[in-house]
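The block underneath contains the structure these notes are about, expressed in structure tokens.
Values below: every heavy atom of this structure, side chains too, minus hydrogens, waters and symmetry copies.
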Amino acid sequence: MEMHPPSKMLASLTMIILMMMMMMATSVALASDAAMLEGQGRALLVWKDIFYNQSQQALHSWGNTSTPCNWRGISCDTGVHRHQHWPVISGISLRGMRLRGALESLNFSALRTLTHLDLSHNLLTGSIPPSIEVLGELHALLLQGNQIRGSIPLGLGNLTKLYSLMLHENELSGEIPSQIGNMSSLVTLNLSSNHLVGHIPCEIGHMKHLVALDLSSNNLFGKIPSNIGGLTELTRLYLYSNKLSGQIPRELGYLLNLKDLQLGINTLSGFIPRIFHNLTKLTVLILRLNKLSGLILPKIDYLSTLEYLDLSENILSGSIPNSIRNLTKLTTLCLNNNQLSGLIPQELDYLANLEYLDLSENIFSGSIPNSIGNLTKLTSLYLYNNQLSGHIPRELGYLENLENFLLSNNTLTGLIPNSIGNLTKLTDLFLFMNQISGRIPQELGRLKNLEFLNLSNNTLTGSIPKSIENSTKLTWLFLYSNLLSGHIPRELGRLENLELLVLRKNTLTSSIPSSIGNLTKLTYLNLQNNQLSGHIPRELGYLVNLDYLYLRYNTLTGSIPNNLGNLTEITRLYLDNNQLSGHIPRELGYLVNLDELSLGNNALAGPIPNSLRYLTKLYKLDFGQNQLSGQISGG
């Protein structure tokens with residue numbers, strides 16, 4: 001009788017066989033995964049070997065190929081592939097380690113399991129190799145801040161799982177490949193600060209998940225693709241510093257999540273699209289340095305979240321709409337270098353958070369509204385090169401945080417208000433080319449942080465206040481072309497940081513104070529066209545950094561100090577049209593950088609010193625109307 005094994009025994013035997021087979025398969029898989037990990041380690045060591053010594057030291061932990069997961073900057077995972085039982089390299093993060101070597105020397109084929117590659121802010125050179133397309137699991141590719149050259153490989157379009165591609169601040173050239181549109185998972189794309197050329201590919205409009213797009217600071221040209229308006233998740237769009245032309249597509253007005261839009265420094269033309277009033281989440285709008293025309297957005301008050309608005313250096317016309325008062329979060333408002341006209345609206349005082357206001361180089365007329373004095377957070381106020389008239393409002397003295405105050409080249413009249421002395425944080429004060437009259441207020445001496453003071457080309461009278469000695473940080477002092485009288489205060493000698501001192505075209509009298517010799521940083525000294533008398537102080541010979549010295553058209557007497565020969569940096573020396581006497585000092589022959597020397601219309605006598613033959617750079621020489629003899633002989 002034939003015997004059959006019991007069914008339970010047969011089932012048990014089958015289970016044992018299956019378990020043995022699974023164990024064998026697992027063992028084979030483990031061995032395979034371990035071999036893969038070791039191969040990845042070897043690939044990284046080969047790449048490390050091309051680095052310079054300093055980079056080698058930064059990666060000193062890279063050594064044992066059986067444990068690369070313990071190396072610096074290396075992370076591993078077991079879940080990159082299905083059925084994976086052994087960790088493999090999933091991430092390389094070596095940001096900012098000053099690694100110096102070629103990117104293409106890295107064997108990407110051995111690193112197919114990478115999901116994250118961050119080699120940013122190093123000194124990597126070479127190009128992005130086409131083999132990078134094998135990294136099909138990659139989510140983030142961060143190569144910014146290196147010296148990588150060449151073009152963007154077409155194969156990058158195969159990295160369809162990529163959500164962050166950062167290639168900015170490199171030396172990449174060529175065009176942006178249209179295949180980049182295949183990376184439909186991208187959330188962040190940054191190709192800025194390279195040398196990319198050509199058009200922006202319309203395929204970028206396929207990246208429906210993009211939140212941040214930055215193509216700025218390249219050489220891209222042509223129009224902005226209108227289908228970028230379909231990237232409705234965008235919060236940041238940076239296309240500035242390119243050569244883009246044509247109109248701004250109205251479709252950008254559909255980007256309702258946009259917070260930061262920067263299209264400046266291109267050649268965009270036409271009007272600012274009216275539909276932009278829909279961008280109610282905008283905090284930054286920068287359209288500066290284009291060829292945009294027409295009016296400022298008529299419904300600009302819809303953009304009530306704006307903090308930074310820069311429409312400068314275009315050809316916008318019309319007036320500032322009163323509705324701008326609703327932009328109460330604005331900290332920066334730049335409308336300069338346009339053709340804007342009309343009055344500066346009183347309503348600007350609603351912008352209580354404003355820190356920077358630039359309305360310069362337009363054709364604004366009327367008076368400066370005293371309401372600007374309410375903008376107490378202002379640090380910079382630029383109203384120069386307009387047609388503003390009337391007085392400088394004393395209320396501007398409330399702007400105690402002001403550092404830069406420029407009202408030059410208008411038709412302002414009246415006095416400089418004493419309240420200007422309250423602006424103790426001022427570093428720049430420019431009131432030149434107006435019709436301001438009266439005295440320079442003593443209160444200017446309270447401006448101890450002042451570095452640049454220009455009150456020239458007005459009708460100021462009276463003397464230069466001695467209190468100016470307190471502004472010890474002054475580097476420029478321009479008071480020329482006024483009606484100032486009295487003597488040059490010796491206290492100016494305490495302004496030891498002065499580099500430029502220009503007092504020409506006034507009616508200053510008396511002698512040049514010897515204390516000016518303390519101003520050893522001076523490069524430019526111009527006292528011409530006054531009524532100065534007395535001798536040229538010997539102390540001027542201490543101004544060894546002087547490049548220009550103009551003392552002409554005064555009534556200076558006595559001889560030329562021979563220690564002016566110490567001014568070996570000087571290129572222009574004008575002492576003409578005075579009453580100087582005596583000999584020309586031979587020490588002037590030391591001034592080998594002189595290209596202009598004018599001593600004419602004085603009472604100089606004696607022979608022309610032979611040492612002047614060393615002045616080989618001279619192209620302008622005037623000794624006329626003196627009593628000199630001889631000539632300059634060649635050397």
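- Within a 6.0 Å sphere centred on CD of Gln346, other residues, nucleotides and ligands contribute more than 12 heavy atoms.
- In this structure, Ser581 contributes its side chain and Ser559 its backbone to no donor-acceptor pair below 3.5 Å.
- Judged by a 6.0 Å distance limit and a 45° cone about the ring axis, Arg572 is not positioned over the six-membered ring of Tyr548.
- Under the 3.5 Å distance criterion, with hydrogens and angles disregarded, a donor-acceptor pair is assigned to the side chains of Asn593 and Lys617.
- Proximity of Leu597 to Phe623: side-chain heavy atoms (C-beta onward) are separated by under 4.5 Å at one or more points.
- Here the side chains of Ile416 and Leu460 are in contact, with some heavy-atom distance below 4.5 Å.
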Side chain to side chain contact (heavy atoms under 4.5 Å, CB included) between Ile516 and Leu501, intermediate numbers included: CA-CA 10 Å; Ile516 284 189; Leu501 174 59; 4.3 Å; yes
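- Proximity of a side-chain donor or acceptor of Asp214 to a complementary backbone N or O of His168 within less than 3.5 Å is not detected.
- In this structure, CG on Asn577 lies 6.5 Å from CZ on Arg552, to the nearest 0.5 angstrom.
- Donor-acceptor pairing under 3.5 Å is recorded for the side chains of Asn562 and Arg538.
- Side-chain atoms of Thr427 do not come within 3.5 Å of backbone N or O of Glu451 as any donor-acceptor pair.
- Between Leu484 and Asn506 the shortest heavy-atom distance is N-OD1, 3.0 Å.
- Within the 4.5 Å cutoff, side-chain heavy atoms of Leu429 are placed close to those of Ile420.
- Between the OG atom of Ser192 and the CG atom of Leu215 there is a distance of 8.5 Å, given to the nearest 0.5 Å.
- Judged by distance alone, the side chains of Asn385 and Asn409 do bring a donor and an acceptor atom under 3.5 Å apart.
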Side chain to side chain contact (heavy atoms under 4.5 Å, CB included) evaluation trace for Asp358 with Tyr356: CA-CA 7 Å; Asp358 192 348; Tyr356 190 104; 3.9 Å; yes
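- Of all non-hydrogen atoms in Leu599 and Asn602, the two that sit nearest each other are O-ND2, 2.9 Å.
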Verdict with supporting geometry, Leu532 and Ile488, side chain to side chain contact (heavy atoms under 4.5 Å, CB included): CA-CA 9 Å; Leu532 298 171; Ile488 298 172; 4.0 Å; yes
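- Nearest heavy atoms, Asp301 versus Ser323: CB-O, 3.4 Å.
- Around atom OH of Tyr614, no more than 12 heavy atoms belonging to other residues, nucleotides or ligands sit under 6.0 Å away.
- Judged by distance alone, the side chains of Thr571 and Asp547 do bring a donor and an acceptor atom under 3.5 Å apart.
- Heavy atoms of other residues, nucleotides or ligands lying less than 6.0 angstrom from OH of Tyr524 number more than 12.
- Within the 3.5 Å criterion, the main-chain N or O of Glu355 finds a donor-acceptor partner in the side chain of Thr379.
- In the model, Tyr238 has a side-chain atom that pairs as donor or acceptor with a side-chain atom of Asp260 under 3.5 Å.
- Put simply, the side chain of Asn362 gets close to the backbone of Ser360: a donor and an acceptor are under 3.5 Å apart.
- Contact of the Ser463 side chain with the Arg439 side chain is registered, since non-hydrogen atoms from C-beta on lie closer than 4.5 Å.
- Using cut-offs of 30° and 60° for the angle between ring planes, the Trp476 and Phe430 rings count as parallel.
- No side-chain donor from either of Lys521 and Asn545 sits under 3.5 Å from a side-chain acceptor of the other.
- Counting only heavy atoms from C-beta outward, the side chains of Ile440 and Asn482 never approach each other to under 4.5 Å.
- Side-chain contact between Leu383 and Phe364 is absent, with no heavy atoms from C-beta onward closer than 4.5 Å.
- Side-chain atoms of Lys448 and Asn470 form no donor-acceptor pair, as typed in the model, at a separation below 3.5 Å.
- Looking only at side-chain heavy atoms (C-beta outward), Ser437 and Leu415 come within less than 4.5 Å of each other.
- Contact record, Leu604 with Asn626: N-OD1, 2.9 Å, taken as the closest heavy-atom pair.
- Using modelled atom types, no side-chain atom of Asn326 and backbone atom of Ile324 make a donor-acceptor pair closer than 3.5 Å.
- Judged by distance alone, the side chain of Asn497 and the main-chain N or O of Thr472 form a donor-acceptor pair under 3.5 Å.
- The backbone N or O of Asn578 sits nowhere less than 3.5 Å from a side-chain atom of Asn554 that would complete a donor-acceptor pair.
- With a 4.5 Å cut-off on side-chain heavy atoms, Leu453 and Leu444 count as touching.
- Using cut-offs of 30° and 60° on the angle between ring planes, the pair Tyr384 and Tyr382 is perpendicular.
- The closest donor-acceptor contact from the side chain of Ser380 to the backbone of Glu403 lies at 3.5 Å or more, if one exists at all.
- Glu313 has a carboxylate O that lies under 4.0 Å from a charged side-chain N of Arg288, or vice versa, which qualifies the two as a salt bridge.
- Checked by atom type and distance alone, the side chain of Asn386 pairs as donor or acceptor with a backbone atom of Leu359 at under 3.5 Å.
- Counting all heavy atoms, side chain and backbone alike, Leu407 lies closest to Asn410 at O-ND2, 2.9 Å.
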Criterion side chain to side chain contact (heavy atoms under 4.5 Å, CB included) on Ile570 and Leu564, from CA distance to verdict: CA-CA 10 Å; Ile570 201 164; Leu564 291 189; over 6 Å; no
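- Under the side-chain contact (heavy atoms from CB on, under 4.5 Å) test applied with Tyr480, the options Asn457, Leu503, Asn529 reduce to a single match, Asn457.
- Between Ile248 and Pro273, the shortest heavy-atom distance links the atoms O-CG, 3.5 Å.
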